[in-house]
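In what follows, a structure is listed as structure tokens, so that the remarks can point back to it.
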Amino acid sequence: MRYLPLTPDDRRAMLGVIGAKSIDDLYIDVPKAAQRAGLVDLPRAQGEAEVERAMRGYAKRNLSPANAPFFIGAGAYRHHIPASVDHLIQRSEFLTAYTPYQPEIAQGTLQSIFEFQTQVAILTGMEVANASMYDGSTACAEAALMAARVTKRNKVILSGGLHPHYAETTKTMAGANGVVLVDSPPAIDGEAEVLKLLDGDTAAVIVQSPNVFGTITELSKIAEAVHAQGALLIAVFTEAISLGLIEPPGAMGADIVVGEGQSIGVALSFGGPYVGLFATREKFMRQMPGRLAGETVDADGKRGFVLTLSTREQHIRRAKATSNICTNSGLCAQAFTMHMTLLGRKGLERLALLNHERACDLADALGAISGVEVLTPRFFNEFAVRTPKKADAVVEALAKRGVLGGVAYSRLKAGAMDDVLLVCATETNTDEDIAAFAVALKEVCS
Amino acid sequence: MRYLPLTPDDRRAMLGVIGAKSIDDLYIDVPKAAQRAGLVDLPRAQGEAEVERAMRGYAKRNLSPANAPFFIGAGAYRHHIPASVDHLIQRSEFLTAYTPYQPEIAQGTLQSIFEFQTQVAILTGMEVANASMYDGSTACAEAALMAARVTKRNKVILSGGLHPHYAETTKTMAGANGVVLVDSPPAIDGEAEVLKLLDGDTAAVIVQSPNVFGTITELSKIAEAVHAQGALLIAVFTEAISLGLIEPPGAMGADIVVGEGQSIGVALSFGGPYVGLFATREKFMRQMPGRLAGETVDADGKRGFVLTLSTREQHIRRAKATSNICTNSGLCAQAFTMHMTLLGRKGLERLALLNHERACDLADALGAISGVEVLTPRFFNEFAVRTPKKADAVVEALAKRGVLGGVAYSRLKAGAMDDVLLVCATETNTDEDIAAFAVALKEVCS
Amino acid sequence: MSQVTVSGSRGLLQAEPLIFEMAGSSRTGVDLPEPKGTANRLGGLKRKAALDLPGLTEPEAMRHYVRLSQRNYAIDLGLFPLGSCTMKHNPRLNEKAARMEGLGDIHPLQPTSTVQGALALMEELSHWLMELTGMPAVALSPKAGAHGELCGMLAIRAALIARGEGETRKRVLAPISSHGTNPATAAACGFTVDEIDAMPDGRVDLNSLKAKLGPDVAGLMLTNPNTCGLFERDVKEIADLVHAAGGYFYCDGANYNAIVGRVRPGDLGVDAMHINLHKTFSTPHGGGGPGAGPVVFSEALAPFAPLPRIVERDGVLAFEEHEFGQATGRLCAFQGQMGMYIRALAYMMSHGSDGLRQVAEDAVLNANYLLARLKPYMSAPFGDGPCMHEALFDDSFLEGTGVETSDIAKALIDEGYHPMTMYFPLVVHGAMLIEPTETESKAELDRFANALIAIAERAKAGDAAAFKAAPRLAPSRRLDDTRAARQPKLRWKPDTIDPARVAAE
Amino acid sequence: MSQVTVSGSRGLLQAEPLIFEMAGSSRTGVDLPEPKGTANRLGGLKRKAALDLPGLTEPEAMRHYVRLSQRNYAIDLGLFPLGSCTMKHNPRLNEKAARMEGLGDIHPLQPTSTVQGALALMEELSHWLMELTGMPAVALSPKAGAHGELCGMLAIRAALIARGEGETRKRVLAPISSHGTNPATAAACGFTVDEIDAMPDGRVDLNSLKAKLGPDVAGLMLTNPNTCGLFERDVKEIADLVHAAGGYFYCDGANYNAIVGRVRPGDLGVDAMHINLHKTFSTPHGGGGPGAGPVVFSEALAPFAPLPRIVERDGVLAFEEHEFGQATGRLCAFQGQMGMYIRALAYMMSHGSDGLRQVAEDAVLNANYLLARLKPYMSAPFGDGPCMHEALFDDSFLEGTGVETSDIAKALIDEGYHPMTMYFPLVVHGAMLIEPTETESKAELDRFANALIAIAERAKAGDAAAFKAAPRLAPSRRLDDTRAARQPKLRWKPDTIDPARVAAE
Ligand SMILES: Cc1ncc(COP(=O)(O)O)c(C=O)c1O
Ligand SMILES: Cc1ncc(COP(=O)(O)O)c(C=O)c1O
């Protein structure tokens, strides 16, 4: 087998050195009954060409966004990834390295993480950020848990604009750990509704902007009210590029900012791997989950970086750790920081503006269709429209016409608002794409 | 522009240091009349996404062998390239390095070349090989020139089985330098015919095995006759993988062996870049064209490699150089040696055998079609068939049916044998491919 | 390192500052079309706060990261013997497959009618995992091992609640040798953790287990092969005891590489087990992640697997995303680490049933070979019998030398090797856990053993000072962890250490 | 380097033997299906000779090449100031495009009806090259600059033969400063080469030219900007003189990067010029190649461009492969370096007409900036006026220091830089030719200048011994060229230097 270097001669010689007659001698501790004589019932080894052919077979049975007008967002976004980024993350030294526990031979990864943490803090308007979480949804759950630790309270309020997958994930992960999650009803422009549920037992409220309907919300007022109750404001975003154009949560009083970083440097890949961004205030530093890279010096007094404050983590603190997370989303964070370095302020602002303009064009095109109504008052690159038919049926009908035209809100939250379609436009959409979508939607709706 | 780091401020500051008012001051030596005020009449700068889209546009207008039963050979061959090889040659340190003129910081390239030279010598059964030529055809021309230098004669005989492109290239390149090229008429199994033209003024005869018709030839007798006249035998091959299964020219008396290395590690890429292999006897070492890596030691006595015997080359010997070649096919040689290292004897022998078996299957399938006759008596993975209609028309008709079914010999050599179709099978062909080809050819021929 | 340079670089090793020290925010490495100037619809929420993100042009950015990369160790550079981490070869074929058009670029919320290939691939991966483990159900969505542990423990919690014992069974047993994620996960599910003792032979003490079992026990979390690299001989009996006591058996499958294709957890009484695709099935570690931690379940726990589920209705595959019987809720947005599923399946198909069994056997053979070669020079607390995929050593052979486990690690760095796992598991003093994996050749193992033996001999010969000075040949000298933790600097600020320092050196 | 290691590796720098010393021929890194066992049709010519090719499994092979790669310098690591080589940034977008399905995998002999996109791409590249150079024709097929020179000189030869002067015009003029490929190419076309003198200002001496012109002159080969990095002010007059004498003007376009988009060779009286796509248009050098050397032609020479030609017949593109008017024959099999055409066109489209002009201007600005910064410390023979894309220095500033040009080069290696071009051109003593290219930032230029200035000062301060000992921080110390040439070892043989030596160090 091409990945296995030992030859039969090697194996014989090594067993000799070990003093074993056969490989079976090395498995003596395993109950005979539990050892299989033969092979499990699965296909035998295949060559690279055969496996590649099989993989192409799976790929051909999917409709690639490259071959259809594409307008799906709702938590994952299609953006152009520079070829240099995808090349760099495949370099052996980044791709096949382990967690940088030996800093003297991991400065490449560690300096990158330090730069990543700084970029995330700048982007969100916060003071510190960690080295990444699995994705935006688990980062949201960790934020709820952290707020409960910080405030020593256990009630967390979820806005009606929070991405339903984030709400469910938070309930599953934080709920099991004694946090009580309270829902505010779905509302296109109702982030402030959370205040109705706010009280002195509240650990935190979680709001999202732009929210799942695309609505952008001013958070300062909410922050004041929340702080007045001694609770924390957790602000969520799913479209990182929006922060190139809109006011960051950190500038509006958020205490913890979490979000999905996939839009910057990470492929759609059917939902994962993505990269969770987690930022907060310096004073809460020691309550953060996940890994942190910090600056120090080496024996020659030369600057270097190490993983630090590990007393928060499971491998040191075990049952008392701030989280059970170990492996995070390192390489996606690497891609994020590389793409962000290429963008810089100039590139990110331009990219964000182009996304917004495309979305405005899309809103004009869809809004012009009779029976279709744009519902989102203020948006970045995605918004909700009301459709004359059930939205899930509309999506299917569009797919039949070769158009990937958004997501029915009811797919994210069963039963609710079943005539609401969530659509998104990015810099990858051409005028032709938008026109094709409008034509198809018109047919489907009439 | 994303590839240009200077900012307007940088430019101003730098002009200041130089003491120039504007960039124009630096072009004072250029006649005013020859300097264009405006921009040339071409499109403006485009972003990466736009350029990528345009390139996909070109690609979509071609029929990829991945999407059609494919049986074309005749000098370039479709083989599977391991993903690891294509990854490795894209590593910055190999891809973006220059010719290893500074050996202390180029041992990666130099050791690879030294390994490449050794592999080529072993494969061809020769004593030494160079660091590569542009491709097989120019290597063939260089061999003719070298033979003329060695023998101080100027007549070179070309067999009727030599790939017509190789013959033409040799006439263009060697002909201009005073070598007289004499053709032996096209013949499917007539490499030995060259002896009819052999005489005491002959510098070399050039034969090919497997030849352009796929025919394999025993060269020992030819070698004896050639040597008896004080001439050199130049053996050519276009399918390097054949040497995994058939007797190498070096073992049959060839003095210079040249060929195309594309089959091992190099993409088809519509004809280039490829990699010319050039091997000979140690005694002719100093008459070889092109670069050579050699072993030496460094100041610490540690083994290392350098480019050597450069007194043969243009940058030292100028008008008296053995060739004018400078840039060669380094990265393709790098891919060749990587793939060859993965194959090893075991892999290469197996791969060669699979190619031969596929070709046998193809010969059986096509030979069974009435009106179609297999003409090649002994072959490796390609052979010639006689078609009842003009071969070029057959090829077009097959293409209309979505089958890339070989090359008409008349496309390679105008007018000649216009009912001869050259076909090839490799390990990439499935039974379904072969069946589809047979069905289509049957339709076309009836 | 002697000679000082003006540039700060040393031969091929390039000095490299932070991006914040190199670039202003006036440059960019991307070219984008001119905006049209449409009036914005942001409702007055345009960014007012400064956005001081530095930008580099493409050539500068390429260099920055290529230079940084060369300061990393990697599998592709050499043996990476981190015990319990299974650092094996990462085939590039898998990277290629994960990037294919139609796989790498599809959206998680596309209509399922347009992603039948993706669902089929997930089903195929599930099939392989269930066949290999002999378990009847699997949940793919967990994003790493620890997330898988959470998935499994939440299923146990749900099963107990369904049995009406949710409030009464709150105690989870785990050996001292367990990985930190085990207790952390149990706690995250609202359980208390109770540690059980190990026997002198490094395995679970059945008496300690029996003593701790009771009506308030939710279950046992046990790694097998365990973190000492030993197979728990009594695993069946352990499972039976736990079941008899009304608890569930969660198996940490991080060390599955030792038995894949040869021993099926389903035959050992396991109720739930996560599989780190980034260990046994070779998806790249990427400097810390991402990974994937699918969980296989027994019949008893299968109903409590999380959402979403894949169902087939007359030949068409679809997701059940909202509710499905007693399913526990979502563990993450969408359906998990597709990019890792692709890589893992490509890896499995490449090996096949024959190759995967060989994987386990070669991994175990390699570990035992190193154990045999190193035993005479180091101290192997459980070295009398064979180990599984990794060999554990303690620091007793360093007694009185003044050299510690961490010094051995740094000395290995100078010899061109990544150190083994240090100070874990906690059951032995100054632990050194060595896992070579099956993708190492005998020559590489011998080269490593020779270097480590020489280091051990040097340590015993007593040259502690030299050890404390190590590493001396790495890109950095030994780094000051204490300083980093005492005065945390987690981000660049204009007042950070002067870049001159970098060059100074 | 001090401390000896047992493994032979030094920190991240891994010791690596030759594949012939590592592997037997019993291993392989590829898995292939079982052959069926069909009777062969080789006519008894099955291989009898031994085939002792070593094989490595994939993990071993990956490591071998990754380890070797880290012993290379590269553009992606730092400034690569090789004069006349134009080592600029190589965008990865171009690598991606060259590998697209439908571009990277198509066969050169597919029916042209199935490769219309490929022919269209070649036509588009031709259009860009003709527009940029202001020349009416182009031949794409030459595989590198030297091959392009051959293409151009063969066209001149053919034109002369067509004029009936093939036998009488056999002399080609070229300045002493010309690149070695120029005289080598002229000789390869059966011409004799006659060198013309340079003036003290580094340019062609018109009087020497006039004196050498005559009825037996076939033409002039001149690089412009020339190899001293200077523009030939009198190029128009030179062209007129050559034409008046009945000869043709071949321009070596290796230095085209200095004028692209701003000055058109077509306006300078050029009859033929090759363009190294691997220089001006950034296709990667790949450690020595491959390149591509398309040739643009004047009206006078256009008819003599080689085969194949692309023709359009009612909207369909096709090749003329066998004869076409007075076309010279094939220069190679098939139609040249398609992989490079794709990369070069992607590069051109990315820059556009505006960006390409900026390329030239920044390249010239960067070179003059270095000239200005270095002039005070080194000796620039033609440093009074501005240079083009590269700055030439000689070794007079080293007079009496015992330090030579080559020592400066090796000292630069320790500072983390690839040296400049040394001892070329031949017109000045101990030449150092520095070409930064436009893809270097001001910061990188300053860092380089500071290092080189410090080296120059150290040299003058007289520390020759230290210079002779350089490099000391590179993967290898200074290598013995003489030994390599005296006792040539061009391939591995079982009796080659003992691999132990490698580890010994
Ligand atoms: C024994 C053991 N359990 C659990 C884990 C956690 O897995 P992950 O890092 O994928 O979350 C690890 C990983 O190091 C491990 O070694
Ligand atoms: C001035 C000059 N002419 C010609 C050449 C030869 O070009 P190539 O190496 O592409 O054959 C070079 C390349 O170094 C050069 O610098």
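What's counted below: heavy atoms across the whole structure, side chains too, no hydrogens, waters or symmetry copies. First the proteins, then the strands, lettered A, B, ... as listed; each starts at 1.
Using a 4.5 Å cut-off between heavy atoms, D:P471 touches chain B through its side chain atoms alone. D:I413 touches chain B through its side chain: at least one heavy atom from C-beta onward sits under 4.5 Å away, while N, CA, C and O do not. Residue B:M340 touches chain D through both its backbone and its side chain, counting heavy-atom pairs closer than 4.5 Å. For B:L351, the parts sitting under 4.5 Å from any heavy atom of chain D are the backbone and the side chain alike. Using a 4.5 Å cut-off between heavy atoms, D:P33 contacts chain B through both its backbone and its side chain. Contact annotation for B:I316: neither backbone nor side-chain heavy atoms come within less than 4.5 Å of a heavy atom of chain D. Interface remark: D:M87 contributes side-chain atoms only to the contact with chain B (heavy atom separation under 4.5 Å). At a 4.5 Å heavy-atom cutoff, D:E323 makes no contact with chain B through either its backbone or its side chain. Both the backbone and the side chain of B:K346 come within less than 4.5 Å of a heavy atom of chain D. If you measure heavy-atom distances from B:I89 to chain D, the contacts under 4.5 Å come from the side chain alone. For chain B, the nearby parts of D:A49 are the backbone and the side chain; heavy atoms of each come within less than 4.5 Å. Contact annotation for B:E52: both backbone and side-chain heavy atoms come within less than 4.5 Å of a heavy atom of chain D. Looking at B:R36, both its backbone and its side chain come within 4.5 Å of chain D, counting heavy atoms on both sides. When heavy atoms are compared at a cutoff of 4.5 Å, B:E396 approaches chain D solely by way of its side chain, counted from C-beta outward. Contact annotation for B:A20: neither backbone nor side-chain heavy atoms come within less than 4.5 Å of a heavy atom of chain D. Contacts between D:Y73 and chain B at a heavy-atom distance below 4.5 Å involve backbone atoms as well as side-chain atoms. Within the 4.5 angstrom heavy-atom criterion, only side-chain atoms of B:I28, from C-beta onward, approach chain D. In this structure, the portion of B:S323 lying under 4.5 Å from any heavy atom of chain D is its backbone and not its side chain. Using a 4.5 Å cut-off between heavy atoms, B:L292 touches chain D through its side chain atoms alone. Neither the backbone nor the side chain of D:N276 comes within contact range of chain B; no heavy atoms are under 4.5 Å apart. Within the 4.5 angstrom heavy-atom criterion, only side-chain atoms of D:E95, from C-beta onward, approach chain B. Looking at B:E349, only its side chain comes within 4.5 Å of chain D, counting heavy atoms on both sides. Interface residue B:T118: backbone and side-chain heavy atoms are both found under 4.5 Å from chain D.
No donor-acceptor distance shorter than 3.5 angstrom exists from the side chain of D:Q116 to the backbone of B:R61, with no hydrogens or angles considered. Put simply, the side chain of D:N40 never gets that close to the backbone of B:H356: no donor and acceptor are under 3.5 Å apart. At distances below 3.5 Å, not a single donor-acceptor pair connects side-chain atoms of D:H147 with backbone N or O atoms of B:N324. Using modelled atom types, one side-chain atom of D:R491 and one backbone atom of B:E127 make a donor-acceptor pair closer than 3.5 Å. Under the 3.5 Å distance criterion, the side-chain polar atoms of B:E247 are left unmatched by any main-chain donor or acceptor of D:L45. Using modelled atom types, no side-chain atom of B:Q111 and backbone atom of D:L68 make a donor-acceptor pair closer than 3.5 Å. Under a 3.5 Å cut-off, the side chain of B:R411 and the backbone N or O of D:L109 do form a donor-acceptor pair. A donor-acceptor contact shorter than 3.5 Å links the side chain of D:N72 to the backbone of B:E93. Between the side chain of B:R291 and the backbone N or O of D:G288 there is at least one donor-acceptor pair closer than 3.5 Å. Of the possible donor and acceptor atoms, none in the side chain of D:T439 sits under 3.5 Å from a partner among the backbone N and O of B:L4.
What you find for D:P488 and B:M285 is that their closest heavy atoms are CG-CE, 3.8 Å.
Residues B:H165 and D:R330 have side chains that bring a donor and an acceptor to within less than 3.5 angstrom of each other. For D:Y65 and B:T341, the side-chain atoms include at least one donor-acceptor pair closer than 3.5 Å. Defined by atom type and a distance below 3.5 Å, a donor-acceptor pair is present between the side-chain atoms of D:D105 and B:S64.
For the set B:M338, B:E218, B:E427, the count of heavy-atom pairs under 4.5 angstrom toward chain D peaks at B:M338. When D:L42, D:L82, D:V364 are compared by the number of non-hydrogen pairs under 4.5 Å with chain B, D:L42 comes out ahead. The greatest number of non-hydrogen atom pairs below 4.5 Å with chain D, out of B:V407, B:D25, B:L348, is found for B:V407. Comparing D:A372, D:A469, D:A146 by heavy-atom pairs within less than 4.5 Å of chain B, the highest count is held by D:A146. Taking B:G344, B:S132, B:A59, B:P103 one by one and counting their heavy-atom pairs under 4.5 Å with chain D, the maximum is reached by B:A59. Ranked by heavy-atom pairs under 4.5 Å with chain D, the list B:G294, B:A267, B:P248 is led by B:P248. Counting heavy-atom pairs under 4.5 Å between each of B:V17, B:L404, B:D41, B:I72 and chain D puts B:I72 at the top. The choice from D:A120, D:G355, D:G291 that makes the most heavy-atom pairs within less than 4.5 Å of chain B is D:A120. The candidate from B:Q102, B:E115, B:Q46 with the greatest count of non-hydrogen atom pairs under 4.5 Å with chain D is B:E115. When D:K236, D:E101, D:H89 are compared by the number of non-hydrogen pairs under 4.5 Å with chain B, D:E101 comes out ahead.
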- D:D480 vs B:T296, side chain to side chain donor-acceptor pair (under 3.5 Å): CA-CA, chis, key distance, verdict: CA-CA 6 Å; D:D480 185 344; B:T296 186; 4.7 Å; no
- Task: With side-chain contact (heavy atoms from CB on, under 4.5 Å) as the test, would you mind laying out the steps for D:K143 and B:S329 before giving the verdict?
- Result: CA-CA 9 Å; D:K143 290 185 166 266; B:S329 199; over 6 Å; no
- Stepwise ring-ring contact (aromatic ring centres under 6.0 Å, His included) test for D:F424 and B:H315: CA-CA 9 Å; D:F424 174 82; B:H315 61 283; 9.6 Å; no
- Item | side-chain contact (heavy atoms from CB on, under 4.5 Å) between B:Y98 and D:H278, worked out | CA-CA 11 Å; B:Y98 194 69; D:H278 46 296; over 6 Å; no
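Residues passing the side-chain contact (heavy atoms from CB on, under 4.5 Å) test with D:A74 are B:T96, sequence neighbours excluded. Qualifying side-chain contact (heavy atoms from CB on, under 4.5 Å) partners for D:A118, counting only residues two or more places apart in sequence or in other chains: B:N62, B:F270, D:I106, D:V115, D:M338.
None of D:K410, D:R477, D:R71 except one satisfies the salt bridge (Lys or Arg N to Asp or Glu O under 4.0 Å) rule with B:E104; the exception is D:K410. Tested against B:L42, the residues D:H351, D:E131, D:M349 include a single side chain to side chain contact (heavy atoms under 4.5 Å, CB included) partner, D:E131.
Counting heavy atoms from C-beta outward, B:R91 and D:Q70 have side chains that approach closer than 4.5 Å.
Surrounding CD of B:Q35 are more than 12 heavy atoms belonging to other residues, nucleotides or ligands, all under 6.0 Å away.
Between B:R11 and D:D362 there is a salt bridge, since a side-chain N of the basic residue sits under 4.0 Å from a carboxylate O of the acidic one.
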